[in-house]
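I have placed the structure first, in the form of structure tokens, so that the comments after it can refer back to it.
Just so it is clear, the values below take in all heavy atoms, side chains as well, and ignore hydrogens, waters and symmetry mates. Proteins get letters first, then strands, A, B, ... in listed order; numbering begins at 1 in each.
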Amino acid sequence: MDDMLKVENLSIAFRTDEGLIAPVQGVSFSVQKGKTLGLVGESGSGKSISTKALMRLLPGTAILGEDTKMTYRAKNGEIIDIEKLAPNSRKTRHLRGGEIGMIFQEPMASFSPVYTVGNQMMEAIRLHRDMNKKEAREFAIEMLDKVGISNPAQRIDQYAHEMSGGMRQRAMIALTLSAGPQLLIADEPTTALDVTIQAQVLELMSDLQRDLGMGMIFITHDLGVIAQIADEVAVMYLGTIVERGPTRDIIRDPKHPYTQGLLEAIPKLDSLTHRLSPVPGDIPSPHARPTGCPFHTRCTRKIEGVCDVKAPTEVDLGEGHAVACFLHADEGRHVA
Amino acid sequence: MLRFTLERLVGMVVTMALVSVMVFLIMELPPGDYADRYAFRKYSGTGVNVTEADIQAIRVDLGLDKPLVFRYFDWIGGIVLHGDFGQAFAFETSVLKVIGDKIWLTLGILFSTLIVTYMVSIPIGIYAAVRRASVADYGLTVFSYLGLALPNFLLALILLYFANKWFGADIGGLFSADYKDAPWSFAKAWDLFKHLWLPAFVLAWSAVAYQLQTVRATMSDEINKLAVTAARARGVPETKLLIKYPARLAINPVVSTIGFDVNRIFSELPIVAVVLGLTELGELLLRAYLDLDMYVAGAILLLLTFMIVFMNFISDLLLAWLDPRIKLGASS
């Protein structure tokens, strides 16, 4: 397999005043060149933190687990062990932006309000590409044009607050891609946008990914969005991956009760009489993690005396589809 | 930016016009006028019987008999058109001669205090925010509470004592004895500089403590903004990142309160000046009031308020430069 990024056993803990909390526990996934991995889960499931760890962007209070391995193959073929990088070394700075780019949920807040879009783009370009000021500016205009911003030569000197929401996110994509990353992490990039703009931005991202041959990690809580953009999906709950597989399998035939719950919570236009069934209960606080399967407190199909005692291991159901649930313990081959 | 500057400039002129009216009214406020005082001074104890007519004659002589409005326009007209601040009656010369050097020395103290304040509080505040909850941060917090709690005239006394004891230095006043009456030269300026640090340090003390906490608080907020994380995720080196993104916005509240700092320095200056034996305007202002020497008092008040209004104007321009959203709000 052509894995550009392989994450094994990623565990993250934070020192807090109330003691150690562990929002990510033993997560493994990989990303292939030109493919998109969708990370799905409610807020607090650890999806954003996991990707921040990939860029060493976690605060100083974060501790990576001892057997965490994050291997990344750089553009020049070099293999980088991300977990061994020093936080502010030259290598880390090259990785950030130049190898892995990140787009955030709030395009408005992602731009500094006191510098023009062009200023921030040229900064990124000159950090990662060997260009002088003039070349960087021309390249920035070219990138703005590429993401479908009209009048890029004028827009480049505007501030983010002078643009509309959709245009801002396009500009953010242009900014991130201008540094030339080969892996793009998109952290809920369309959540803050109107539905029509959402579709446009998703299409733009797919097109750019195809043109540039980038790998992508797409974070969202919206399985509807995942269906449009991801090749593979990993569903996260309380810092673990509960189900993973090809997008089509996950959407058509979800195995884990949590994935099933998420799919039923999506409004459907063709059955207006159908009442939405949300996943019952709230996501537990990271300070009070349930024992056994993390989902058992909200699960409608919980097996008494099993789910609340033991943590389920991942079961391989074939063709890359795997689930961590006792309901399917007999159906496949145990992975771990 | 040009339009914004012009708008603020017009605002400043209007404010100054209103301030000048107020200053003039304040000058008029004490009961009696210099004619009374002059007659008292000249004839008390001499046995001469002074009549109301005599005083009126002095009044006419000094031009104090004219109506209030007339005198205001005469006064402000002289200042604006000829730079003439009127007569200093008690000194029997022009106000400009009396104030003269003292203006420049006061401004020297003011600006060196401002420079010390910002040069110390901004970098340290940023440092404390970046190293939040470290030993250095807590140490600086303790220091800044000390700074807020310690009255600065007391600090002036303490420093004066130790400077004298350890260095045997004559650091009171603004000049050494050799240069006190010497004409201005490079050596005299250097001598002034050597004396200026002490009042600047004393006056900056509490402002540093206050502004340090302000910068620390805003910087702590700005550091956690998404724009900073996003820039870090693009590989911007950490030091450049901190200065370019959060620090530029974190000094915003400091810049917007430059006018307050000027005001506060002027209020504290007289006490510190007495302790350190400085020549500055505050002491003269007090004497002018006691003597009812209104044009001296007026000139000083006007100059001090002008400095505050002018520094507010500068602070507006700096803010607009720091944060372009302010400009945008003004023109739309």
Side-chain angles (χ1 to χ4, degrees), chain A residues 15 17 48 51-52 54-61 87-116 119-128 157-162 172 175-181 184-185 187, chain B residues 1 4 126-138 218-256 317-332:
Chain A
R15 282 186 293 264
D17 291 340
S48 294
T51 50
K52 284 214 172 102
L54 292 178
M55 296 178 80
R56 303 303 300 269
L57 284 174
L58 295 174
T61 50
N88 280 312
S89 64
R90 176 184 285 270
K91 234 176 175 174
T92 311
R93 291 204 307 269
H94 169 70
L95 183 83
R96 292 174 180 165
E99 294 284 349
I100 307 179
M102 202 166 201
I103 298 172
F104 300 88
Q105 181 176 345
E106 295 285 345
M108 180 70 176
S110 316
F111 279 107
S112 166
V114 295
Y115 296 100
T116 59
N119 176 306
Q120 292 169 76
M121 287 187 80
M122 283 156 69
E123 178 189 53
I125 292 166
R126 299 197 62 195
L127 278 170
H128 297 287
D157 293 320
Q158 285 191 333
Y159 294 93
H161 55 256
E162 297 174 282
M172 193 69 217
L175 167 56
T176 308
L177 296 188
S178 63
L184 183 65
I185 298 172
D187 191 347
Chain B
M1 191 71 192
F4 179 82
I126 290 173
Y127 179 81
V130 174
R131 295 261 176 280
R132 214 189 160 90
S134 68
V135 177
D137 181 27
Y138 290 130
T218 47
M219 185 74 183
S220 303
D221 281 350
E222 290 296 333
I223 277 180
N224 292 321
K225 290 269 170 77
L226 184 56
V228 178
T229 309
R232 191 176 285 131
R234 294 195 294 271
V236 182
E238 197 64 18
T239 311
K240 187 189 175 200
L241 174 94
L242 289 176
I243 293 171
K244 183 173 175 182
Y245 292 95
R248 176 162 172 169
L249 286 162
I251 61 173
N252 215 313
V254 174
V255 172
S256 62
L317 294 189
L318 278 176
L319 275 182
W321 173 71
L322 280 175
D323 191 342
R325 284 172 296 182
I326 292 170
K327 237 173 7 205
L328 198 78
S331 57
S332 60

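- With contacts defined as side-chain heavy-atom distances shorter than 4.5 Å, the pair A:Ser110/B:Thr229 does not qualify.
- Contacts of B:Pro237 with chain A are made by both backbone and side-chain atoms, with heavy-atom separations under 4.5 Å.
- Contact tally against chain B (heavy-atom pairs below 4.5 Å) for A:Gln105, A:Arg96, A:Met108: the top residue is A:Arg96.
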Using the side-chain contact (heavy atoms from CB on, under 4.5 Å) rule, take A:Met102 and B:Arg234 through it: C-alpha gap first, then chi angles, then the decisive distance, then the call.
-> CA-CA 8 Å; A:Met102 202 166 201; B:Arg234 294 195 294 271; over 6 Å; no
Chi angles and distances behind the side-chain contact (heavy atoms from CB on, under 4.5 Å) call for A:Arg93, B:Val236 | CA-CA 7 Å; A:Arg93 291 204 307 269; B:Val236 182; over 6 Å; no
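- In this structure, the portions of A:Ala109 lying under 4.5 Å from any heavy atom of chain B include both its backbone and its side chain.
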Any chance you could lay out the side-chain contact (heavy atoms from CB on, under 4.5 Å) test for B:Arg232 and A:Leu57, step after step, and finish with the verdict?
-> CA-CA 8 Å; B:Arg232 191 176 285 131; A:Leu57 284 174; 3.7 Å; yes
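- Residue with the most contacts toward chain B among A:Leu175, A:Ile100, A:Ile185: A:Leu175 (heavy-atom pairs, distance under 4.5 Å).
- Put simply, of A:Arg56, A:His94, A:Glu123, A:Arg90, the one with the most heavy-atom pairs under 4.5 Å next to chain B is A:Glu123.
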Go through the steps to decide whether A:His161 and B:Arg325 satisfy the test side-chain contact (heavy atoms from CB on, under 4.5 Å), and finish with yes or no.
-> CA-CA 8 Å; A:His161 55 256; B:Arg325 284 172 296 182; 3.1 Å; yes
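- A heavy-atom distance below 4.5 Å is found between the side chains of A:Asn119 and B:Lys244.
- Annotation for A:Pro113 and B:Leu249: closest pair CG-CD1, 4.2 Å, computed over non-hydrogen atoms.
- Contact detail for A:Met55 and B:Ala233: the closest heavy-atom pair is CE-O, 3.3 Å.
- With a 4.5 angstrom heavy-atom cutoff, B:Leu322 touches chain A only via backbone atoms.
- Of the atoms belonging to A:Tyr159, it is side-chain heavy atoms, and not backbone ones, that fall under 4.5 Å from chain B.
- Atom OG of A:Ser112 sits about 8.5 Å away from atom CG of B:Asp323, to the nearest 0.5 Å.
- Ranked by heavy-atom pairs under 4.5 Å with chain A, the first of B:Lys240, B:Glu238, B:Arg248 is B:Arg248.
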